[in-house]
Amino acid sequence: MKLVLLCLMIMCSLAGCISHSSLYDELGGKDGIDRISARFISGIGQDEEIRPYFEQTNLDRFYRLFSLHLCQVVEGPCQYTGDEMVPTHVGMGITEKHFNRTVDLLIDAMESEGIPHPVQNRVLAKLAPLRDEVIYQ
Amino acid sequence: MSPDTRHSAQSLRKMSIQLCAGFLILMLACSGVFAGDGKLIGTPGVTQFEGGGGGGLVPWAMLVGYAARDEVAVQVFATDLALDDFDMVAYGVGFNFKDRIEVTVARQELDVNPLALTLRQNVLGVKVRLLGDAVYSKWPQLSLGAQHKRLLDREMPLAVGANSTSGTDIYLAASKVHLGAVAGYNLLWSVALRSTNANQTGFLGFGGDKRGGRSIQFEGSVAVLLGRHFAVGAEYRRKPDNLSFAKEESWKDVFIAWIPNKRVNFTAAFVDAGDIAGQMDQDGVYISMTGYLR
């Protein structure tokens with residue numbers, strides 16, 4: 001029991017040093033988010049399992065809207081102008097497996113852009129609640 | 001056989017099991033076998049010594065492997081726990097069907113060094129994910145599991161007062177991964193309530209002269225994922241005290257897991273197993289490997 005308590009204490013003190021700098025800034029502002037989005041889309045293009053979902057997609061439009069959406073999700077000064085998540089994904093039949101694989105592609109994109117691991121996790125935490133609006137629609 | 005010869009025969013057998021497991025797991029890690037990979041790396045945990053998905057000592061709500069709702073995962077594992085007066089190996093295979101049902105089969109062998117005898121036990125495990133996803137849902141993932149255990153070496157457990165040499169544990173586990181919760185690192189916690197009458201997880205039989213029936217025991221783990229490839233944490237497992245001949249105590253550990261990719265992982269832990277069968281303060285080192293076949 002002492003061990004558990006000790007670990008909890010260490011974690012609480014670690015939690016105390018969370019820096020609350022804006023996630024938007026940590027990603028390098030809108031320019032950084034644009035670069036991550038471009039890497040992400042290029043990753044999708046190279047992934048044989050995920051690419052088929054995007055065959056009918058206008059990639060320029062997707063890039064612009066994805067970047068805006070990510071910018072808004074991390075509380076940057078952007079206004080996402082695309083459709084809601086559910087109508088966007090209706091009929092695509094995205095499976096849990098493919099959703100999670102796409103998350104891995106986003107992680108790879110952030111990794112390539114040198115985004116630190118803790119910042120990546122904070123981005124994922126913002127995006128995770130959207131999963132139910134995306135899969136099996 | 002003299003105790004000495006017997007002991008070296010045991011060590012030899014154990015070493016060959018470990019070598020085989022290690023070889024198999026390394027082979028998997030290096031092969032191009034496609035693994036079910038529909039989860040964030042590290043988030044399904046490792047393999048519990050009773051064969052199911054979890055930490056080392058404590059079952060979690062996560063099922064074995066990386067299978068998402070439309071996948072199947074298959075894994076093998078091998079674990080070695082070397083305490084002051086006991087040595088345990090466990091190995092087995094586990095299946096995850098569509099991230100809904102987990103089925104595991106494990107063999108555990110405990111060498112009781114002071115008596116130069118070995119207690120072998122088979123564990124058949126089943127776990128059903130009731131609701132939630134530990135990473136993505138707002139609420140914790142909740143699973144219900146059962147472990148049916150059958151001792152192959154019955155004499156000693158019955159001699160020390162156990163009522164039976166087979167039994168079934170039933171547990172309810174809740175687990176959650178909080179993304180970026182601790183200074184940006186992912187935090188995992190898991191708690192389980194287990195209905196059990198097992199003595200020393202079954203090695204000393206089931207039920208006893210002091211208490212014959214079931215009791216509910218608390219088990220819990222907490223871990224921080226340091227990057228995508230390492231996790232550190234601690235576990236606590238309460239156990240019943242059914243036998244009058246010797247006191248049974250809780251188990252605790254601190255662990256580090258290395259998850260180089262989604263095909264293989266390694267765990268090392270320092271375990272405090274308390275008093276076991278009259279042998280005081282059993283501490284030791286726990287090493288475990290899991291390899292995913294698909």
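Numbers restart at 1 for each chain; the letters A, B, ... are given by sequence-line order, proteins then strands.
- With a 4.5 Å cut-off on non-hydrogen atoms, A:V103 touches chain B through its side chain but not through its backbone.
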Would B:E71 and A:N100 satisfy side chain to side chain contact (heavy atoms under 4.5 Å, CB included), going step by step from the backbone distance to the final call? CA-CA 12 Å; B:E71 291 179 294; A:N100 293 357; over 6 Å; no
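- How far CG of B:L179 is from CG of A:L124: 6.0 Å, rounded to the nearest 0.5 Å.
- Contact detail for B:L225 and A:H117: the closest heavy-atom pair is O-NE2, 4.1 Å.
- Residues A:Y136 and B:D70 share a closest heavy-atom pair of OH-OD2, 2.8 Å.
- For the atom pair CG (A:D132) and NZ (B:K138), the distance works out to 12.0 Å, reported to the nearest 0.5 Å.
- Scanning all heavy atoms of the two residues, the minimum distance from A:P118 to B:A183 falls at CB-O, 3.5 Å.
- Contacts between A:L127 and chain B at a heavy-atom distance below 4.5 Å are absent for every atom of the residue.
- Heavy atoms of B:R228 lying under 4.5 Å from chain A belong to its backbone as well as its side chain.
- Separation of atoms CZ (A:R122) and OH (B:Y185) is listed at 12.0 Å; rounding is to 0.5 Å.
- One distance of note links CD of A:E96 with CG of B:D99; it measures 6.0 Å at 0.5 Å rounding.
- In B:K98, the NZ atom is not crowded: 12 or fewer heavy atoms of neighbouring residues, nucleotides or ligands sit closer than 6.0 Å.
- Neither the backbone nor the side chain of A:L130 comes within contact range of chain B; no heavy atoms are under 4.5 Å apart.
- Looking only at heavy-atom pairs under 4.5 Å with chain A, the residue among B:D133, B:V135, B:L226, B:V232 that has the most is B:D133.
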